[in-house]
Amino acid sequence: SRSYRRRVIVPSFDCEGKLNYYVARSIDADRVPRYMNSKVSKNDIIFNEIDVDWSKPIVLVEGVFDAMKCGENVIPIL
């Protein structure tokens, strides 16, 4: 779809490897809306649960780009 043109799309996968959410962020500073999210409720998912090791400490961050900067075992609260 043209509405996703010039956006970085970050997918999220559940613990079974199935797509459960996505965030699409504009690469243009003046684009509205800046973010486009999946229609699924954020309360119903753990972003990229497939990468979470529940036996280790977890780092909570605000968004998906923060999670990319923080390294391993990070969950963005969106």
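Computation of the quantities below employed the complete heavy-atom set of this structure, encompassing side-chain atoms and omitting hydrogens, waters and symmetry-equivalent molecules.
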What pairs with [X] under side-chain contact (heavy atoms from CB on, under 4.5 Å), at least two apart in sequence or on another chain?
X	value
D53	S55, K56, N73
E16	D14, K18
P33	R7, M36

Tell me who clusters with [X], hydrophobic residues only, linked when side chains sit under 4.5 Å apart either directly or through other members.
X	value
V59	V61, V74
W54	I46, V52, I58, L60, I75, I77
L19	F13, I50

Side chains of V8 and F65 in contact at under 4.5 Å (non-hydrogen atoms):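 Yes, close enough: below the 4.5 Å cut-off.
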Test item: Y22 and V10 side chains (from C-beta on) under 4.5 Å apart, heavy atoms: no
For N43, side-chain hydrogen bond (donor to acceptor under 3.5 Å, both in side chains) partners two or more places apart: none
With sequence neighbours excluded, residues passing side-chain hydrogen bond (donor to acceptor under 3.5 Å, both in side chains) with N48: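 Scan of N48 (side-chain hydrogen bond (donor to acceptor under 3.5 Å, both in side chains), adjacent residues dropped) gives none.
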Within residues 62-78 or reaching into it, pairs that qualify as salt bridge (charged side-chain N to carboxylate O under 4.0 Å, His left out) - sequence neighbours excluded: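 Applying salt bridge (charged side-chain N to carboxylate O under 4.0 Å, His left out) to every pair that reaches into residues 62-78, excluding sequence neighbours, yields nothing.
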Pairs involving residues 33-49, ordered by first then second residue, that meet salt bridge (charged side-chain N to carboxylate O under 4.0 Å, His left out) (sequence neighbours left out): none
Same apolar cluster: V23 and I27, side chain cutoff 4.5 Å: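 Hydrophobic grouping puts V23 with I27.
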Same apolar cluster (I L V M F W Y, side chains within < 4.5 Å links), M68/L78: yes
side-chain hydrogen bond (donor to acceptor under 3.5 Å, both in side chains) contacts in which one or both residues fall within residues 24-33, not counting sequence neighbours: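 side-chain hydrogen bond (donor to acceptor under 3.5 Å, both in side chains) check on residues 24-33 returns R6-D28, R25-Y35.
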Separation between OG of S41 and OH of Y21, rounded to the nearest 0.5 Å: 8.0 Å
